[in-house]
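Just so you know, these numbers come straight off a predicted model, no measurement behind them.
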Amino acid sequence: MAADRRIVIENCSIATVDAHDTEHPSGHVVIAGNRIESLGAGKAPEGLENVDRRIDATGHLVTPGLVNTHHHYYQWITRGLATDHNLFNWLVALYPTWARIDEQMVYAAAQGSLAMMARGGVTTAMDHHYVFPAGSGDLSGAIIRAARETGVRFTLARGSMDRSEKDGGLPPDFAVETLEGALAATEATVKEHHDSSFGAMTQVAVAPCSPFSVSTELLREGAELARRLGVRLHTHGSETVEEEQFCKELFGMGPTDYFESTGWLGEDVWMAHCVHMNDSDIAAFARTKTGVAHCPSSNARLAAGIARVPDMLAAGVPVGLGVDGTASNESGELHTELRNALLINRLGAHREAALNARQALRLGTYGGAQVLGRAAETGSLEAGKLADLVLWKLDTLAHASIADPVTALVFGAAAPVTASFVNGRQIVENGRLLHVDEDAVARSTREQAQRLARIAAQG
């Protein structure tokens, strides 16, 4: 939409998730081009010019679009497998299948993952892709193409693995890259696809997979590469007690100390899970402003444990929400993670004081934007920020009797998305994607899942 063309949204509840948690029981939002021009209580200002569309959002809550901070799209075509395994056993069971993916499979899986998130209110997504079998095609390009077609803002965390079974790691020997190959391919991906400008639709991060699948050299040189190129860093950290034991046996220290020794703490870093963190670990993350992608459903699915999110937030650690790969979170929906984050954290030490509805919403919006380094652009509804926002329908049977709209959104059933905008462009209407054929995507993902299963069964 041209910068001087406007969309006016009125008669809605608004949760801005700004620094003051400003809310309006009945208000308006004006979009001009790809930015939020103004918002506030009551009707939009009179006399606005070039208004292309007016939306009567009675019965709706408007929030910033949700921000997903951790995912593995390729896993969409291996859902429902190894359902009673912990992390290490789950990885051992699935790596032989994952090592046989190709570009066609990855594209279909990315379409499925993105579609499920987008129709549920995600406007900024990411993918941590780290499996690159030899001869499998342009996997990074396929993922980015799917994100562009869906219409979401996107960060590709270009992952890598170089520690295989022969080196004491978990991946099969044929599923990893060489140190030199991984670094060269990552640098090429950044140079080809990363956009550092305000409002960028595609960005790239450097993302070696985990301490038990990459060498110390790949971690250290990956961090140096990211900082030379001016991009962010992402990996898995402190996910399970087995990982902690692995690090102590192999490196003589716990995961956080190991990451710090390799240059992997800093305000340009975010890590997935961070379940098993002691007070010293949390203090180190807070001191360095290292971010965390909290994945409550996956942590529960793999019996990893309950992350100390309330303690992280109290210490000043940036925390966002993540779906994680759909082989460990079969629903693939981020809006359900708002509720799951709140409920699961209340099973921890802080009990009912762990998180409230507004803190959960902040994790899924502004917190995620912080973690991805985009809080100046998105994550809250403020004049001048990008027009990434969602209209949640809260006047149906599922929510109508809950007076507080934020409580309805977080505590209630998954709310329908009437409209979702990214960069001022609508990508969802009445729960359906506008730019992707969901039925065709469903067929494609089923076909590619069956194809991968056949190839894996042949060995």
Side-chain angles (χ1 to χ4, degrees), residues 9 12-24 27 29 31 34-36 39 57 60-71 117-126 152-155 199 203 270 291-297 309-310 312-313 317-323 333-342 345 355-392 394 404-412 414-415 417-424 427-428:
I9 305 168
C12 50
S13 298
I14 301 173
T16 68
V17 199
D18 65 10
H20 307 289
D21 273 329
T22 304
E23 296 182 14
H24 303 290
V29 180
I31 298 171
N34 71 337
R35 305 284 187 101
I36 297 171
L39 72 162
H60 289 77
L61 171 67
V62 176
T63 72
L66 301 183
V67 179
N68 184 35
T69 62
H70 186 65
H71 211 317
M117 285 187 294
R119 68 202 294 270
V122 169
T123 57
T124 297
M126 67 81 66
V152 299
R153 204 174 299 283
F154 182 62
T155 295
Q203 296 195 332
W270 85 103
V292 171
H294 176 44
C295 305
S297 294
V309 172
M312 294 178 193
L313 294 175
V317 177
V319 182
L321 291 182
V323 168
E333 297 175 303
L334 190 68
H335 60 312
T336 59
E337 299 302 310
L338 301 175
R339 186 173 193 262
N340 291 345
L342 185 148
N345 279 282
L355 290 176
N356 61 39
R358 283 161 177 81
Q359 288 174 309
L361 178 59
R362 179 171 289 275
L363 289 177
T365 54
Y366 188 82
Q370 272 188 301
V371 162
L372 295 184
R374 309 206 67 171
E377 302 166 272
T378 190
S380 61
L381 301 180
E382 302 178 66
K385 281 198 166 185
L386 298 168
D388 297 357
L389 53 90
V390 179
L391 281 68
W392 307 92
L394 299 178
D404 175 51
V406 177
T407 295
L409 177 66
V410 175
F411 278 86
V417 173
T418 294
S420 182
F421 293 86
V422 180
N423 226 37
I427 66 167
V428 175

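Judged by distance alone, with hydrogens and angles left aside, the side-chain atoms of Asn68 form a donor-acceptor pair with the main-chain N or O of Val323 at under 3.5 Å. Between the Thr16 side chain and the Thr22 main chain, a donor and an acceptor come within less than 3.5 Å of each other.
Taking CG of Leu338 as the reference point, atom CD of Gln359 lies at 13.0 Å (rounded to 0.5 Å). Rounded to the nearest 0.5 angstrom, Leu61 CG and Thr418 OG1 are separated by 11.0 Å. Note that CG of Leu334 and CG of Leu66 are 5.5 Å apart. Values are rounded to the nearest 0.5 Å.
For the side-chain contact (heavy atoms from CB on, under 4.5 Å) test, residues two or more places apart in sequence or in another chain that qualify with Ala415 are Trp392, Leu394, His399, Leu409. Residues meeting the side-chain hydrogen bond (donor to acceptor under 3.5 Å, both in side chains) test with Gln203, sequence neighbours left out: none. Under the side-chain contact (heavy atoms from CB on, under 4.5 Å) criterion, Glu333 pairs with Met116, Ser331, His335, Thr336, sequence neighbours left out. Evaluation of the side-chain contact (heavy atoms from CB on, under 4.5 Å) rule for Ser380 yields Tyr366, Glu382, Lys385 as partners, not counting sequence neighbours. With sequence neighbours left out, Val371 forms a side-chain contact (heavy atoms from CB on, under 4.5 Å) with Thr69, Trp270, Pro318. Legend: residues meeting ring-ring contact (aromatic ring centres under 6.0 Å, His included) with His71, ordered by chain and number and at least two apart, are Tyr73. Residues passing the salt bridge (charged side-chain N to carboxylate O under 4.0 Å, His left out) test with Arg119 are Glu438, sequence neighbours excluded. In this structure, the salt bridge (charged side-chain N to carboxylate O under 4.0 Å, His left out) partners of Arg374, at least two apart in sequence or on a different chain, are Glu377. For Asp388, the side-chain hydrogen bond (donor to acceptor under 3.5 Å, both in side chains) partners at least two apart in sequence or on another chain are Arg153, Thr378. Taking the side-chain hydrogen bond (donor to acceptor under 3.5 Å, both in side chains) definition, one finds that Arg339 meets it with nothing, sequence neighbours left out. In this view, Asp404 and Arg358 satisfy the salt bridge (charged side-chain N to carboxylate O under 4.0 Å, His left out) rule, not counting sequence neighbours.
Scanning both residues, Leu391 and Ala57, for their nearest heavy atoms gives CD2-CB, 3.9 Å. Residues Ala125 and Val152 share a closest heavy-atom pair of CB-CG2, 4.2 Å. Of all non-hydrogen atoms in Ala341 and His294, the two that sit nearest each other are CB-CD2, 4.1 Å. Closest of all the heavy-atom pairs between His70 and Ala293 is CB-CB, 3.8 Å. Across all non-hydrogen atoms, the minimal contact from Ala360 to Val410 is CB-CG1, 3.9 Å.
If you check the side chains of Glu337 and Ser297, you find a donor sitting under 3.5 Å from an acceptor.
Across Thr123, Leu39, Thr63, Val29, a single residue satisfies side chain to side chain contact (heavy atoms under 4.5 Å, CB included) together with Leu389, and that is Val29.
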